[in-house]
Each structure stands twice: as structure tokens, then as C-alpha cells.
Amino acid sequence: MKNIKFYTSHCARCIILKRMMDNNGIKYVEIDDENIYMPIAKENKILSMPFAEIDGVIYGSKELQQYIVEKGEM
């Protein structure tokens, strides 16, 4: 099982990707504390929300969406 941290500001895109993960049975920990996610976003040059950390690798929203789609096809 993958260790997924989902960093969210509860924006529309965040809600969509969260729903996609829920619908595909992908388990994650939701983190919505700016004090936690802003330093990570800055360090990894993430410019938009949401993003995720999957087993230590940072995924921007487009990469996360692709991961969800591929995971859902398995």
C-alpha cells in the first residue's frame, strides 16, 4: 500500500481530485494546514493546489490526476 499525503486548500480542483481518489478506493492522509504545505510547495516549486506526496515523491495536480486514473484502471 502506498503512503499518500494529499495537500489541499479545499479549492475546486482539490475537491475533484479528492473525490476521484475516494471513488477509486485510494487511501490518503489529507493535510490542509498552510504551515505544513506551503514550505513543501515552495521547496518543490509547486505553484498550484493540490499536490501530493506518494512514497516520498512529490506529484503536482496533473501528475496526481494521472496517477489516480492509472490506479483506477488496475
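Every heavy atom of this structure was used, including side-chain atoms; hydrogens, water molecules and symmetry mates were not.
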Rounded distance [0.5 Å steps], OG in Ser9 versus CE in Met38: 9.5 Å

Is there a path of hydrophobic side-chain contacts, each under 4.5 Å between heavy atoms, that joins Val69 and Met21? yes

Distance-only donor-acceptor check, side chains Tyr28 and Asp22, under 3.5 Å: yes

Please examine the side chains of Ser61 and Met49, heavy atoms only from C-beta on, and report whether any two atoms are closer than 4.5 Å. no

Indicate if Tyr37 and Ile58 have the same hydrophobic cluster label, given that clusters are the connected sets of ILVMFWY residues with side-chain heavy-atom separations under 4.5 angstrom. yes

Kindly determine whether Tyr67 and Lys2 satisfy side-chain contact (heavy atoms from CB on, under 4.5 Å), including the steps that lead there. CA-CA 12 Å; Tyr67 173 87; Lys2 300 275 185 183; 3.4 Å; yes

The reported gap from CD1 in Ile15 to OG1 in Thr8 (rounded to nearest 0.5 angstrom) is 7.5 Å

Results of salt bridge (Lys or Arg N to Asp or Glu O under 4.0 Å) for Glu30 - residues two or more places apart only: Lys18

Arg13 versus Pro50, closest heavy-atom pair with distance: CG-CD, 3.6 Å

Is it possible for you to say whether Tyr59 and Val29 belong to one hydrophobic cluster, with membership spreading through side-chain heavy-atom contacts below 4.5 Å? no

Would you check if the side chain of Glu43 reaches a backbone N or O of Ile40 as a donor-acceptor pair within less than 3.5 Å? no

Decide whether Ile16 and Tyr7 are clustered together by the hydrophobic rule: side chain heavy atoms of Ile, Leu, Val, Met, Phe, Trp, Tyr closer than 4.5 Å, transitively. no

Do Ile31 and Ile4 sit in the same hydrophobic cluster, where Ile, Leu, Val, Met, Phe, Trp and Tyr count as joined when their side-chain heavy atoms come under 4.5 Å apart? no

Can you tell me if Asn44 uses its side chain to pair, donor with acceptor, with the backbone of Ile46 under 3.5 Å? no

As an exercise, state the distance from CG of Asn3 to NZ of Lys27, rounded to the nearest 0.5 Å. 14.0 Å

The reported gap from NZ in Lys71 to CG in Asn24 (rounded to nearest 0.5 angstrom) is 9.5 Å

Applying side-chain contact (heavy atoms from CB on, under 4.5 Å), run through Phe6 and Leu64 and close with a yes or a no. CA-CA 9 Å; Phe6 180 64; Leu64 177 58; 3.7 Å; yes

